[in-house]
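Comments concern the structure below.
As the structure is a computational prediction, the values presented were derived from the model and not from experiment. The analysis underlying the following values was restricted to heavy atoms, covering all of them including side chains, and did not include hydrogens, waters or symmetry mates. For this chain, numbers begin at 1 and follow the sequence in order.
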Amino acid sequence: MSMIRAIGRTLFAAAKTETSSAAAAASTVHRTRHNNPLDDFFEADRSPDDDKPVVYGRGWKASELRLKSWDDLQKLWFVLLKEKNMLMTQRQMVHAQNLRFPNPERIPKVRKSMCRIKHVLTERAIEEPDPRRSAEMKRMINSL
């Protein structure tokens with residue numbers, strides 16, 4: 001995993017911007033985890049002392065998603081989209097190096113959760129009594 005991270009850093013080193021020391025010192029308070037916005041496309045490094053395999057969670061069930069508000073589902077959608085982008089970037093880099101992608105079962109979990117969110121939102125749009133609002137909700141769902 002650290003090899004993928006190192007290669008990602010060398011590939012995207014050109015994307016880093018040079019800042020003055022004063023600006024860097026001022027932004028250090030706000031910047032806690034990421035120096036480069038492209039770091040979001042790579043999984044955080046694990047310490048080499050961890051011999052235990054990482055266990056990832058399960059996908060979201062539709063029954064769980066039905067309990068969430070529209071705003072919560074929208075936030076969850078973008079979290080899953082970010083996770084999907086990170087996994088696809090990681091998979092592409094690993095395949096480019098002819099290595100095996102670790103934990104390939106994560107991608108279908110994210111995709112299924114995203115499909116279930118769309119399904120729950122569509123159910124809500126169909127149940128909406130106002131036809132104009134229902135049509136607006138359906139357009140918004142289709143744009144996801």
Side-chain angles (χ1 to χ4, degrees), residues 1-19 23-97 99-144:
M1 194 60 67
S2 61
M3 182 172 63
I4 294 169
R5 182 79 170 190
I7 291 171
R9 286 184 181 151
T10 57
L11 287 175
F12 297 112
K16 290 185 179 179
T17 58
E18 296 292 320
T19 58
S27 67
T28 311
V29 174
H30 301 292
R31 187 181 346 141
T32 57
R33 183 175 165 230
H34 298 294
N35 292 337
N36 187 346
L38 294 175
D39 284 344
D40 289 340
F41 288 101
F42 301 97
E43 199 166 24
D45 285 332
R46 291 178 40 216
S47 68
D49 299 334
D50 290 344
D51 291 334
K52 298 180 201 173
V54 178
V55 178
Y56 296 98
R58 59 175 175 76
W60 286 85
K61 295 179 182 178
S63 59
E64 296 169 334
L65 295 171
R66 286 185 187 103
L67 301 174
K68 300 215 171 276
S69 70
W70 181 276
D71 291 334
D72 288 343
L73 290 175
Q74 186 177 14
K75 290 175 188 174
L76 182 58
W77 173 268
F78 287 109
V79 167
L80 289 170
L81 184 63
K82 190 174 176 181
E83 178 78 8
K84 179 182 163 192
N85 285 337
M86 186 269 304
L87 290 171
M88 300 299 270
T89 303
Q90 182 182 3
R91 184 177 75 174
Q92 183 65 30
M93 289 194 61
V94 168
H95 285 315
Q97 300 168 8
L99 298 173
R100 194 176 72 82
F101 180 59
N103 300 324
E105 68 276 359
R106 290 173 63 191
I107 294 174
K109 287 180 186 178
V110 171
R111 283 186 180 156
K112 285 180 184 176
S113 294
M114 291 175 83
C115 287
R116 289 178 182 143
I117 288 175
K118 276 186 129 175
H119 179 76
V120 168
L121 291 175
T122 304
E123 286 177 347
R124 290 183 186 178
I126 290 170
E127 292 173 1
E128 179 64 37
D130 182 19
R132 286 186 183 177
R133 184 144 193 261
S134 176
E136 181 183 337
M137 290 169 72
K138 288 176 185 175
R139 276 194 302 272
M140 193 181 311
I141 293 165
N142 288 334
S143 69
L144 291 178

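Using a 4.5 Å heavy-atom threshold, the side chains of K138 and I126 count as touching. Between M88 and I107 the shortest side-chain heavy-atom distance falls below 4.5 Å. Under the 4.5 Å side-chain criterion, counting only non-hydrogen atoms from C-beta, M140 is not in contact with L144.
Atom CD of Q92 is surrounded by 12 or fewer heavy atoms from other residues, nucleotides or ligands within 6.0 Å. Within 6.0 Å of atom NZ in K118, more than 12 heavy atoms from other residues, nucleotides or ligands are found, so the atom counts as buried in its surroundings. A 6.0 Å sphere centred on CZ of R100 holds no more than 12 heavy atoms belonging to other residues, nucleotides or ligands.
The minimum heavy-atom distance linking Q90 with P102 is given by the pair NE2-CG, 3.9 Å.
Salt bridge status for R106 with E83: present, with a side-chain N to carboxylate O gap under 4.0 Å.
Atom-to-atom distance recorded for F78:CZ and K84:NZ is 12.5 Å, nearest 0.5 angstrom. Rounding to the nearest 0.5 angstrom, the gap separating the CE atom in M137 from the CG atom in L121 is 7.0 Å. With rounding to the nearest 0.5 Å, the separation of OG in S113 from NE2 in H119 is 13.5 Å. Taking CD of E123 as the reference point, atom CD1 of I141 lies at 10.0 Å (rounded to 0.5 Å). To the nearest 0.5 Å, atoms CZ (R116) and CG (L76) are separated by 12.0 Å. Atom CD1 of I117 and atom CG of L80 lie 5.0 Å apart (nearest 0.5 Å).
At least one donor-acceptor pair closer than 3.5 Å links the side chain of K109 to the backbone N or O of G57. Panel note: side chain R91, backbone F101; no donor-acceptor pair is recorded below 3.5 Å. A donor-acceptor pair under 3.5 Å links the side-chain atoms of R124 to the main chain of R66, judged by distance alone.
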